[in-house]
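Heads up: the structure comes next, in structure tokens.
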Amino acid sequence: MYDKAKEIIIKAKTNIFNTNLGNQLTSLKGDGLDFKEIKEYSYGDNIKNINWKATAKSNSLKVNVFDESRQLNIIVAFLINGSLEFGSVNMKQDIATEIIALLGFSSIYNHDLLFPILFSNKSEIFYEPTYDETIMYKLIQDALEIKCIKKEVNYKSFCDYINTTMKQRSVIFVVGDFYGNVDLSEIAYTNDVYALIVRDRLEEYPFLNGEYELVNATNLKSSEFNITKNVAKKYKELLDLQDEILEEHFLKHKITHGKIYTDDNIFLRLSQIIKG
């Protein structure tokens with residue numbers, strides 16, 4: 001196994017076994033719930049459990065009731081996009097892999113069922129759901145080695161894949177840089193979704209000056225750009241606008257989210273996002 005994979009594994013296991021991130025997963029709002037019945041809404045019931053079809057038929061507010069189980073279904077999904085092969089401090093792909101390692105070992109440490117997924121516009125590699133940490137060695141190696149260039153995430157296909165594959169309520173951690181037409185609404189209604197946005201500070205505000213050849217990571221087309229302060233400022237404004245739309249989407253569908261930068265303390269930042 002390569003040194004980088006070994007380093008990520010050692011760091012992740014040290015963080016997990018010496019802290020309580022694994023235990024934090026037990027308090028996630030998913031709670032490992034299985035459907036039990038439909039009842040009248042009562043004050044204090046979770047509005048995410050409202051059954052709109054039953055409500056429409058009865059003309060009174062109805063909510064789904066779930067039985068609690070001790071086990072959570074934890075989906076850790078790495079969304080493969082060409083733009084992940086970038087980083088001014090660390091590569092975004094490496095940071096995403098470290099996040100996956102932390103979440104994977106946390107799930108197994110807490111005796112939850114782990115569903116690893118590597119997905120672009122299709123499932124890249126198939127993994128059996130498991131409680132066994134030995135899968136983590138292959139998962140981390142695959143996440144580090146997979147070629148992101150010329151790949152692009154199809155969020156509709158990803159949601160369809162989740163809805164087809166998973167029949168039970170799950171906690172879904174989606175790891176990627178979230179560019180393009182992001183829509184996770186089709187999985188957010190019946191699952192608890194956490195969007196972990198991996199970014200590099202230079203890509204959000206390119207403090208550069210001069211002529212640069214920029215390459216599109218999804219089709220490898222290159223273009224010459226003269227980057228000045230005004231160009232960088234305009235670029236940042238456009239990216240901020242896109243991220244505002246992304247934020248509105250997450251808030252609308254009650255998706256917990258946060259950014260993790262390539263120069264962050266990954267474990268600390270991930271813990272903050274999970275705690276909300």
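Position 1 is the first residue of the sequence; numbering continues from there.
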**Message:** Any heavy-atom pair between the side chains of Lys6 and Lys4 that's under 4.5 Å?
**Reply:** no

**side-chain contact (heavy atoms from CB on, under 4.5 Å) evaluation trace for Lys62 with Tyr41** = CA-CA 5 Å; Lys62 302 286 187 181; Tyr41 174 84; over 6 Å; no

**Request:** Would you confirm whether the ring centroid of Phe78 sits within less than 6.0 angstrom of the ring centroid of Phe119?
**Result:** no

**Asked** Under the 3.5 angstrom rule, does the side chain of Asn191 hit a backbone N or O of Val193 as a donor-acceptor pair?
**Response** no

**Message:** For a salt bridge (Lys or Arg N to Asp or Glu O under 4.0 Å) check, start with the C-alpha distance between Asp192 and Lys254, then their side-chain angles and the critical distance, and finish with the verdict.
**Reply:** CA-CA 8 Å; Asp192 294 299; Lys254 299 180 176 61; over 6 Å; no

**Prompt:** Are side-chain heavy atoms of Ile255 and Tyr194 found at a separation under 4.5 Å?
**Reply:** no

**Request:** Say whether Thr134 and Asp132, considering side chains only, have a donor N or O and an acceptor N or O under 3.5 Å apart.
**Result:** yes

**Value rounded to 0.5 Å, distance of CD in Glu40 from CG in Leu61** = 8.0 Å

**Asked** What closest approach, in Å, do Lys151 and Thr218 show between heavy atoms, and which atom pair accounts for it?
**Response** O-CG2, 3.6 Å

**Prompt:** CD1/Ile260 to NZ/Lys92 distance, rounded to the nearest 0.5 angstrom?
**Reply:** 13.0 Å

**Request:** Applying salt bridge (Lys or Arg N to Asp or Glu O under 4.0 Å), run through Glu85 and Lys147 and close with a yes or a no.
**Result:** CA-CA 9 Å; Glu85 290 200 24; Lys147 297 300 181 184; 5.8 Å; no

**Request:** Would you mind reporting whether Ile9 and Met136 have side-chain heavy atoms less than 4.5 Å apart?
**Result:** no

**Message:** Minimum heavy-atom separation for Pro206 and Ala232, please, with both atom names.
**Reply:** O-CB, 3.4 Å

**Message:** I'd like to know whether Glu133 forms a side-chain contact (heavy atoms from CB on, under 4.5 Å) with Phe105, so could you lay out the CA-CA distance, the side-chain angles of the two residues, the decisive distance to 0.1 Å, and finally the verdict.
**Reply:** CA-CA 7 Å; Glu133 77 169 49; Phe105 281 119; 4.1 Å; yes

**Message:** Give me the atom names and distance for the closest heavy-atom approach of Gln93 to Leu144.
**Reply:** NE2-O, 3.2 Å

**Prompt:** Any sub-3.5 Å donor-acceptor pair from Glu186's side-chain atoms to Tyr155's backbone N or O?
**Reply:** no

**Item:** Cluster overlap Met91 with Leu202, hydrophobic side-chain contacts below 4.5 Å
**Value:** no

**Asked** Quick check: does any side chain N or O of Ser170 sit under 3.5 Å from a backbone N or O of Gln168, one acting as donor and the other as acceptor?
**Response** yes

**Request:** Give, for atom CD1 of Ile135 and atom CG of Leu114, the distance between the pair rounded to the nearest 0.5 Å.
**Result:** 6.5 Å

**Prompt:** Is there side-chain contact between Leu118 and Phe126, with at least one heavy-atom pair below 4.5 Å?
**Reply:** no

**Request:** Grab the two heavy atoms, one from Leu84 and one from Asp177, that are nearest each other, plus how far apart they are.
**Result:** N-OD2, 3.7 Å

**Prompt:** Roughly how far, to the nearest 0.5 Å, is the CZ atom of Phe267 from the OG atom of Ser106?
**Reply:** 7.5 Å

**Message:** What I'd like to find out is whether the side chain of Thr130 reaches to under 4.5 Å of the side chain of Phe115, using heavy atoms alone.
**Reply:** no

**Request:** Measure the spacing between CG of Leu113 and CD1 of Ile75 and express it to the nearest 0.5 Å.
**Result:** 9.5 Å

**Message:** Holding to salt bridge (charged side-chain N to carboxylate O under 4.0 Å, His left out), I want the full list of residues that pass it with Lys156, two or more places apart in sequence or in another chain.
**Reply:** Asp160

**Test item: side-chain donor near acceptor, Asp142 and Tyr127, under 3.5 Å** = yes

**Request:** Could you go through the side-chain contact (heavy atoms from CB on, under 4.5 Å) check for Cys148 and Ile80 one step at a time?
**Result:** CA-CA 6 Å; Cys148 298; Ile80 310 299; 3.8 Å; yes

**Request:** In sequence, state the C-alpha distance, the side-chain angles, and the governing distance for Arg201 and Glu203, and then conclude on salt bridge (Lys or Arg N to Asp or Glu O under 4.0 Å).
**Result:** CA-CA 5 Å; Arg201 298 187 194 278; Glu203 72 181 325; over 6 Å; no

**Message:** With clusters defined by side-chain heavy atoms of hydrophobic residues (ILVMFWY) lying less than 4.5 Å apart, directly or transitively, does Ile108 cluster with Leu72?
**Reply:** yes

**Prompt:** Among pairs that include at least one residue of residues 237-252, which meet side chain to side chain donor-acceptor pair (under 3.5 Å), considering only residues two or more places apart or in two chains?
**Reply:** Arg199-Asp243, Lys236-Asp240, Asp243-Lys259, Glu247-His257

**Asked** Are Ile227 and Asn209 side-chain neighbours, meaning at least one heavy-atom pair lies under 4.5 Å?
**Response** no

**Prompt:** Are Leu270 and Tyr261 co-members of a hydrophobic cluster defined by side-chain heavy atoms under 4.5 Å apart?
**Reply:** no

**Message:** Please check: side-chain N/O of Asp200 versus main-chain N/O of Ser88, any donor-acceptor pairing under 3.5 Å?
**Reply:** yes

**Request:** I would like to know whether Lys138 and Gln141 meet side-chain contact (heavy atoms from CB on, under 4.5 Å); could you show each step before the answer?
**Result:** CA-CA 5 Å; Lys138 182 178 188 309; Gln141 195 71 59; 5.7 Å; no

**Asked** Just one of Ile8, Asp94, Ile99, Asn90 clears the side chain to side chain contact (heavy atoms under 4.5 Å, CB included) bar with Ile266, so which one?
**Response** Ile99

**Summary of side chain to side chain donor-acceptor pair (under 3.5 Å) pairs that have at least one residue in residues 219-229, sequence neighbours excluded** = Glu213-Ser222

**Prompt:** So do the side chains of Phe173 and Leu102 get within less than 4.5 Å of each other, counting heavy atoms only?
**Reply:** no

**Item:** Lys167 NZ: over 12 foreign heavy atoms closer than 6.0 Å
**Value:** yes

**Prompt:** Can you name the closest pair of heavy atoms from Ile117 and Tyr161 and give their distance?
**Reply:** CD1-CE2, 3.9 Å

**Asked** Counting only heavy atoms not in Lys233, do more than 12 sit closer than 6.0 Å to its NZ atom?
**Response** no

**Request:** Check the hydrophobic clustering (I, L, V, M, F, W, Y; side-chain heavy atoms under 4.5 Å; chains of links allowed) and say if Val153 and Leu246 are grouped together.
**Result:** yes

**Fill in**
Per side chain to side chain contact (heavy atoms under 4.5 Å, CB included), Phe158 is matched among Asn163, Asn121, Asp183, Val174 by Val174

**Asked** Judged by atom type as modelled, is there a donor-acceptor pair below 3.5 Å linking the side chain of Asn154 to the main-chain atoms of Ser157?
**Response** yes

**Prompt:** Given side chains that start at C-beta, do those of Ile172 and Ile187 come closer than 4.5 Å, heavy atoms only?
**Reply:** yes

**Prompt:** When clusters are formed by joining ILVMFWY residues with side-chain heavy atoms under 4.5 Å apart, either directly or through shared neighbours, do Leu268 and Val198 land in the same one?
**Reply:** no

**Prompt:** Counting distance only, does the side-chain N/O of Asn51 pair as donor-acceptor with the main-chain N or O of Val63 below 3.5 Å?
**Reply:** no

**Asked** Between CD of Glu152 and CG of Leu79, what distance do you get to the nearest 0.5 Å?
**Response** 12.0 Å

**Request:** Determine the minimum heavy-atom distance between Ala12 and Ala101, stating which atoms define it.
**Result:** CB-CB, 3.8 Å

